[in-house]
> 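Supplied in structure tokens, the structure appears directly below.
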Amino acid sequence: MPRVKISCSRSGVIVQAPPLHRCPGVQVCGGATGSQHMHRIALAILLSVAGIGSTRAAPAKPWTPDLCATLAKDFTEALGFPVTATVGAPKAVADDAPAGTACLFSAKATGIRHDFGDAEGRLRRIVKDWKDLPGVAADGPGSTLQGYRKGDRRIIFGLTHEPPEGTCEDEPVGSCEVPLERWQWTFKATAYRK
């Protein structure tokens with residue numbers, strides 16, 4: 001008869017099974033057998049998939065209003081266009097950010113003459129003494145998403161620089177000849193304590 005074997009490990013529940021057939025003999029963690037343990041198997045799989053039972057991350061907390069205002073000013077100076085600050089969920093900026101509340105920063109602009117790399121470099125100078133936040137880094141032509149940590153403080157920011165809609169659609173961004181002043185800049189950031 002085909003058998004289903006379920007193993008327990010630190011990374012979750014491992015299921016080894018042949019193609020679906022009637023499986024009257026089931027081995028469960030600890031060696032118990034029988035269909036009476038199927039509810040335990042289903043629960044173990046559900047908990048493993050849902051992440052329940054693992055340690056939940058503490059919710060994010062915003063920085064003090066003074067620190068948020070200072071950071072908004074620093075972002076504005078780095079980018080060369082006004083950045084607004086509010087309080088909200090950090091996930092508004094990065095899907096991997098924790099639940100809770102944080103300082104949120106946003107800005108959109110056109111008419112900017114400086115180069116994307118220059119703006120990105122000025123943003124990175126704001127966090128020059130900070131460490132990278134693991135798993136939060138992505139770069140592409142005219143876009144970046146970066147995360148940094150220092151003690152219990154976290155900053156995640158994203159910056160994009162795109163030609164106007166309907167232009168340069170069939171060519172690499174680097175070959176686009178639309179003047180920089182017409183390009184759309186979008187900035188989003190979050191700052192929180194963890």
Side-chain angles (χ1 to χ4, degrees), residues 55-194:
T55 305
R56 293 266 183 205
K61 298 176 186 163
W63 292 10
T64 65
D66 289 347
L67 286 174
C68 289
T70 299
L71 190 55
K73 182 180 173 219
D74 291 345
F75 285 147
T76 295
E77 289 175 7
L79 295 169
F81 51 90
V83 173
T84 59
T86 63
V87 175
K91 291 188 181 289
V93 174
D95 292 337
D96 292 343
T101 56
C103 299
L104 300 179
F105 307 90
S106 62
K108 286 189 178 224
T110 55
I112 307 301
R113 294 179 181 257
H114 53 260
D115 181 68
F116 181 84
D118 294 339
E120 184 179 11
R122 287 191 299 273
L123 285 172
R124 289 177 194 252
R125 281 195 283 279
I126 294 171
V127 290
K128 68 179 175 184
D129 297 327
W130 295 54
K131 297 181 189 264
D132 291 337
L133 192 57
V136 183
D139 286 308
S143 67
T144 188
L145 176 71
Q146 300 296 321
Y148 298 92
R149 61 188 168 90
K150 187 175 191 179
D152 70 342
R153 293 181 293 166
R154 306 290 187 266
I155 293 177
I156 301 172
F157 65 76
L159 178 65
T160 60
H161 176 235
E162 302 173 309
E165 192 171 328
T167 64
C168 305
E169 292 179 356
D170 295 329
E171 61 185 288
V173 172
S175 300
C176 183
E177 294 184 13
V178 172
L180 286 179
E181 300 85 33
R182 293 188 49 214
W183 287 45
Q184 175 76 43
W185 293 71
T186 304
F187 176 75
K188 289 184 178 183
T190 183
Y192 57 93
R193 292 178 315 150
K194 187 158 178 188

> If we only count heavy atoms from C-beta on, is the P134 to R149 side-chain gap below 4.5 Å?
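In contact.
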> Can you see which heavy atom on A85 is nearest to which on A72, and at what distance?
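Answer, listing the atom of A85 first, then A72: CB-CB, 4.1 Å.
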> Which pair of heavy atoms, one from A191 and one from A102, lies closest together, and at what distance?
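So the minimum-distance heavy-atom pair works out to O-CB, 3.4 Å.
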> Could you check if a side-chain atom of R154 sits within less than 4.5 angstrom of a side-chain atom of V136, using non-hydrogen atoms only?
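With C-beta onward as the side chain, the pair stays apart.
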> By the definition ring-ring contact (aromatic ring centres under 6.0 Å, His included), identify the one residue from F75, W63, F187 that meets it with F105.
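For F105, the ring-ring contact (aromatic ring centres under 6.0 Å, His included) check succeeds only for F75.
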> Going from OH on Y148 to CZ on R153, what distance comes out if it is rounded to the nearest 0.5 angstrom?
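Output value for this atom pair is 15.0 Å.
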> Calculate, to the nearest 0.5 Å, the distance between atoms CZ and CD belonging to F157 and E120 respectively.
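Output value for this atom pair is 7.0 Å.
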> How long is the gap from CG on L104 to NZ on K91, to the nearest 0.5 Å?
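Those atoms lie 13.0 Å apart.
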> Determine whether Q146 and I155 make a side-chain contact, defined as any pair of heavy atoms from C-beta on separated by less than 4.5 Å.
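Q146 vs I155: side chains apart.
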> Can you see which heavy atom on G117 is nearest to which on D115, and at what distance?
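In this case the closest contact between G117 and D115 is N-OD2, 3.0 Å.
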> Return the CG to NZ distance between L145 and K188, rounded to the nearest 0.5 Å.
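It is 11.0 Å, given to the nearest 0.5 Å.
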> Is there side-chain contact between Y192 and P62, with heavy atoms separated by less than 4.5 Å?
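Sidechains of P62 and Y192: no contact.
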> So do the side chains of L159 and L79 get within less than 4.5 Å of each other, counting heavy atoms only?
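They are in contact (side-chain heavy atoms under 4.5 Å apart), so the answer is yes.
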> Considering all heavy atoms of both residues, which atom of A97 and which atom of I156 are nearest to each other, and what is their separation?
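Minimum heavy-atom separation between A97 and I156: CB-CD1, 4.4 Å.
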> List in chain and number order the residues that pass salt bridge (charged side-chain N to carboxylate O under 4.0 Å, His left out) with K73, two or more places apart in sequence or in another chain; answer none if no residue qualifies.
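So K73 forms a salt bridge (charged side-chain N to carboxylate O under 4.0 Å, His left out) with E77.
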> Are side-chain heavy atoms of L133 and K194 found at a separation under 4.5 Å?
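L133 vs K194: side chains apart.
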> To the nearest 0.5 Å, what is the distance between CD1 on I112 and CZ on R182?
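With rounding to 0.5 Å, CD1 (I112) is 15.0 Å from CZ (R182).
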> Check the surroundings of atom CD in E181: do more than 12 heavy atoms from other residues, nucleotides or ligands lie under 6.0 Å from it?
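Yes, CD of E181 has more than 12 neighbouring heavy atoms, counting only those of other groups under 6.0 Å.
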> So, T84 side chain and S106 main chain: donor-acceptor pair closer than 3.5 Å or not?
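A pair under 3.5 Å: yes.
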> Step by step, would you call L180 with R113 a side-chain contact (heavy atoms from CB on, under 4.5 Å)?
CA-CA 6 Å; L180 286 179; R113 294 179 181 257; 5.9 Å; no
> Using 0.5 Å steps for rounding, measure from the OG1 atom of T70 to the CD1 atom of I126.
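If I round to the nearest 0.5 Å, the distance is 11.5 Å.
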> Is any side-chain heavy atom of L71 closer than 4.5 Å to a side-chain heavy atom of C103?
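Not touching, per the 4.5 Å side-chain cut-off.
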> Determine whether H114 and R122 make a side-chain contact, defined as any pair of heavy atoms from C-beta on separated by less than 4.5 Å.
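Yes, side chains in contact.
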> Name the orientation class of the two ring planes belonging to H161 and F116 (parallel below 30°, tilted from 30 to 60°, perpendicular beyond 60°).
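Judged by the thresholds at 30° and 60°, the geometry between H161 and F116 is parallel.
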